[in-house]
Amino acid sequence: MISLGLESTAHTFGAAVANSKKILSNEKDSYTTKSGGIIPIDAAKHHEKIYKELINKALENAKISLKDIDFISYSAAPGLGPCLRVSQNIVKELKLPFVEVNHCVAHLEVGKFLTKAKDPVLLYASGANTQIIAFEAKKYRIFGETLDQGVGNFIDSFARYIGLGFPGGPKIAKLAEKGKEFIPLPYVVKGMDVSFTGMLTNLKQKYDSKKYKIEDLCYSLQETTFAMLLEVSERAMAHCNKNELLLGGGVACNTILQEKSNIMCKEKGAKCFVPENQYLVDNAAMIATTGISMVKAGYKLKTKDPKIYPYQRTDQVKVFS
Ligand code: ATP
Ligand code: FE2
């Protein structure tokens with residue numbers, strides 16, 4: 001079973017090839033802006049321009065030709081309409097059988113494919129998303145999420161404000177290494193949900209006051225943010241009685257978050273799983289492997305009318321098992 005995976009929910013276009021045992025290639029290219037957020041139409045134009053080249057590269061690196069591909073797995077949901085339509089059109093153009101994959105579920109399923117995790121709670125911490133997802137009572141469910149912006153967007157906003165550029169996550173992490181003094185910041189956990197706008201405003205005010213060292217602000221930002229994320233992750237694990245935590249999303253590349261996740265799991269007698277960075281950020285390998293898992297579990301391949309679902313929620317995903 002060989003699948004070509006396509007990812008195009010937001011600013012990353014990815015193409016990958018996988019079989020039921022292994023990921024054979026994983027190519028990606030991202031649309032970026034110097035300032036401000038993503039313009040969906042421009043991101044889609046970027047994807048349209050590079051998709052042929054990236055698909056060819058993915059096939060080449062996997063040493064596979066298009067006629068060896070059994071089916072396409074594409075990110076049909078959730079995401080930005082114009083971006084989602086790029087993969088939808090590629091599926092129409094290539095005329096191969098296909099599987100419609102949910103991007104958020106793929107972040108979880110790729111962890112199961114790559115690591116020994118069997119039934120984990122996923123802490124999905126990316127630019128646009130912050131969700132705690134687990135499979136429970138026959139559905140993928142969101143146990144907690146951000147009430148405003150995604151954790152990565154929050155970190156990137158502060159980084160932009162202090163002139164670090166985009167993406168800010170790795171730059172904030174570098175400065176945080178030199179931080180020594182912890183500065184209390186708004187810690188907002190409401191039930192199982194988190195919120196970051198209050199902390200962002202407070203950080204900007206503290207930065208403008210010039211009373212604080214920037215390294216200490218970055219250090220405190222990370223300490224506070226990651227403690228919030230792990231508090232809700234831990235509670236979700238206890239609630240679902242699961243003893244595995246899986247990290248996903250670009251912010252999970254942060255080694256301090258990884259360290260803290262490991263410590264939390266160790267203290268609970270649970271296991272922590274962190275896939276390689278290339279599978280944490282948005283990528284097509286996770287779409288290909290999730291498609292394969294779905295087909296193995298009984299998903300009937302489709303042959304006509306590929307759809308997109310920009311607003312599909314994680315608990316609306318049909319499960320095959
Ligand atoms: P999604 O569409 O799934 O929400 P995305 O495209 O918004 O994804 P990703 O590609 O998963 O996001 O991740 C990008 C985010 O990861 C950026 O906000 C970036 O700052 C952050 N990031 C990357 N490396 C690090 C790091 N070492 N520490 C903290 N944040 C990081
Ligand atoms: Fe993602």
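Keep in mind it's a predicted model, so treat the numbers as computed, not measured. Every heavy atom of this structure was used, including side-chain atoms; hydrogens, water molecules and symmetry mates were not. For the single chain, residues carry numbers from 1 onward in sequence order.
A 6.0 Å sphere centred on NZ of K45 holds no more than 12 heavy atoms belonging to other residues, nucleotides or ligands. Remark: K204 NZ is packed, more than 12 non-hydrogen atoms of other residues, nucleotides or ligands lying under 6.0 Å away. Applying the 6.0 Å contact sphere to NZ of K268 captures more than 12 heavy atoms from other residues, nucleotides or ligands.
Across every non-hydrogen atom of I308 and G81, the tightest pair is CD1-O, 4.1 Å. Taking each heavy atom of S220 and E181 in turn, the nearest pair found is OG-O, 3.6 Å. The minimum heavy-atom distance linking A18 with T289 is given by the pair CB-CG2, 4.0 Å. Residues A15 and L54 approach most closely at CB-O, 3.8 Å, considering heavy atoms.
With hydrogens and angles left out, the side-chain atoms of D282 and H107 include a donor and acceptor closer than 3.5 Å.
Judged by distance alone, with hydrogens and angles left aside, the side-chain atoms of D70 form no donor-acceptor pair with the main-chain N or O of S3 at under 3.5 Å. Judged by distance alone, with hydrogens and angles left aside, the side-chain atoms of E136 form no donor-acceptor pair with the main-chain N or O of R141 at under 3.5 Å.
Between F135 and Y140, the gap from one ring centroid to the other is short of 6.0 Å.
Y309 has its side chain out of reach of L84: every pair of non-hydrogen atoms, C-beta onward, lies at least 4.5 Å apart.
For the salt bridge (charged side-chain N to carboxylate O under 4.0 Å, His left out) condition, the pairs that include at least one residue of residues 104-116, sequence neighbours left out, are E109-K112.
With sequence neighbours left out, the side-chain hydrogen bond (donor to acceptor under 3.5 Å, both in side chains) criterion links N202 to K206.
The aromatic rings of F13 and H47 sit tilted, their planes meeting at an angle between 30° and 60°.
Put simply, F158 and I155 are part of the same group of oily side chains (I, L, V, M, F, W, Y) that touch within less than 4.5 Å, one to the next.
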